[in-house]
Structure formats: structure tokens, C-alpha cells
Amino acid sequence: MYLVMLGPPGAGKGTQAALLARARHIPHISTGDMLRGAVSDGTDLGRAAAQYMERGDLVPDDVVIGITRDRLKASDTRRGFLLDGFPRTVSQAESLDAILAETDRALHLVLNLDVAEGELIRRLTGRRVCPKCGETYHLVFSPPRALGTCDCCGQDLVQREDDKESTVRQRLQVYQRQSKPLVEHYLQSGLLATVDGVGTVEQIHNRVLDAIT
Ligand code: AP5
């Protein structure tokens, strides 16, 4: 299946995409993770993207479309993929259709996680991540066993630069302005399935599974 997961910052896209990709044996492709990887590797791409990400703005379309196009050429995406964080603008959505058409593919479904703004702010400002293995925690909703330490690899957890409250508010405004129109775009194309993103991680995973069957 060729799937996209949409939703505002903090809606749980990364959490749910990881579970769904594992359940369906398809690659989980997160443009946010790819960009953060480039920033921490200090590549030209990372240097170009960092200034936008730190402000909570979108990285320019041509940059993100380029890395996604390259990723979707890989053979592991032939029998399915789950895109998380891409597309984020209508122009990216149109490019995605064109990239897929080049290899006779087309999207099957776009999952849209629906969560109210107050909950998004709580989730983002409480998020902590492992800089070594990428595991994600929340100080209240899914804390690590030992405070500040990754359960999986023992590394000290950190807060993402863009999870500071002022940057979170900017990201939410950018979502409303530039990414929310995608919901209407995919509704019109008949591909949209909106899923209530409030509840336990397992409850939402079950709703996502129901939506794709
Ligand atoms: P990206 O990494 O994609 O960030 P985002 O869309 O803002 O999404 P998040 O990762 O913040 O949240 P999420 O929805 O994945 O939630 P999560 O599962 O982690 O992008 C970062 C930046 O990169 C962008 O701002 C932009 O600059 C750039 N970028 C990326 N893609 C781009 C593109 N296509 N075009 C241009 N620029 C691009 O969960 C959040 C927290 O909530 C966690 O702590 C988690 O434990 C907790 N949580 C999860 N589920 C629940 C639950 N059910 N109940 C309670 N807590 C929960």
C-alpha cells in the first residue's frame, strides 16, 4: 500500500507511522527524520535546512521534493511505503503524484490525524527524544523508566530545538497556513481518511488499522 500520514505538529504521526509501518512491513519515510539526520551529519542539505527548521518554518519545496524523490526510487518502496511529514503543501502533493506516476504508482490512502491545538502543545513541549537511537518519549504520557535516560540504549534524552514553546506556536501557525489546505485537497480527490488522534497510542493504532481495511 502507498500511504501518507497527515496531521499537525504533535498529532502523533511519527508514533503511529512507526507502528503501522511495522504492522504492514513497509518502510516508514519521515522527511523530518531525514532532514534532522542531514543537520546532525553537517551536510550541505543539513546546513541549508537547519535555519528553516530552527525557526519552525517549512524547508523550501524543491529541497524536500528532491530528497523524497530520491528515497522513493529505492527498491524497498516498490511494494509499499508510508510517508510521514510529506507532502506538506499542495505543491508537494502535486509533485508526489508526478513522482509516483513515473513508476506507475499512485497513492491508495491519506490518513489524517485529528487532534485539538491545546493537546498538540502539551504533547510537543513534553516530548523528549533519544539522539542516538531516535526513540521518542513524553514526560507525562510515555515517560522513560529512568528519568532523562533512553530505555533502549541508555543515552541521555534531549528536547528537540523546535519543541520550545515559541517555536511550537510558529509551527502550528505554519501548519494552518500552508499544510491544512492539503486536507481539503485530499478530501476532493477522495483519498482522505480522518482518524481521531486523541486516546491511547494503542486505541489510535486500532483506528488507523480500521481506516486502511
Ligand atoms: P517533522 O519532524 O515532520 O515534525 P512535525 O510534523 O512538526 O511533527 P512532529 O514530529 O513534531 O510530531 P508528530 O506528529 O510526528 O508526533 P509524535 O508522534 O512525535 O518536521 C520537523 C521540521 O522539518 C518541520 O517543521 C520543517 O521545518 C521540516 N520539514 C519536514 N518535512 C517537511 C516538508 N515536507 N516540507 C517542508 N519542511 C519539512 O508525538 C508527539 C509527542 O506526543 C511525543 O512525545 C509522543 O510520545 C506523544 N504522543 C504521541 N501519541 C500520543 C497519544 N496518543 N497520547 C499522548 N501523547 C502522545
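Every number for a ligand or one of its atoms is a count from 1 in the order of the listing.
If you chain together hydrophobic residues whose side chains sit under 4.5 Å apart, Leu82 and Leu107 never meet in one group.
A donor-acceptor contact closer than 3.5 angstrom is absent between the side chains of Thr167 and Arg160.
The 4.0 Å heavy-atom shell around ligand 1 contains residues Pro8, Pro9, Gly10, Ala11, Gly12, Lys13, Gly14, Thr15, Thr31, Gly32, Leu35, Arg36, Met53, Asp57, Leu58, Val59, Val64, Gly85, Phe86, Arg88, Gln92, Arg123, Leu124, Arg127, Thr136, Tyr137, His138, Phe141, Ser142, Arg160, Asp162, Arg171, Gly199, Thr200, Val201, Ile204, ordered by chain and number.
For residues 119-169, the ring pair (Phe, Tyr, Trp, His ring centres under 6.0 Å) pairs, not counting sequence neighbours, are His138-Phe141.
Panel note: side chain Arg88, backbone Leu58; no donor-acceptor pair is recorded below 3.5 Å.
Annotation: side chain to side chain contact (heavy atoms under 4.5 Å, CB included) contacts of Ala18 (sequence neighbours excluded): Arg22, His28. Shown here are the salt bridge (charged side-chain N to carboxylate O under 4.0 Å, His left out) partners of Asp33, two or more places apart in sequence or in another chain: Arg36.
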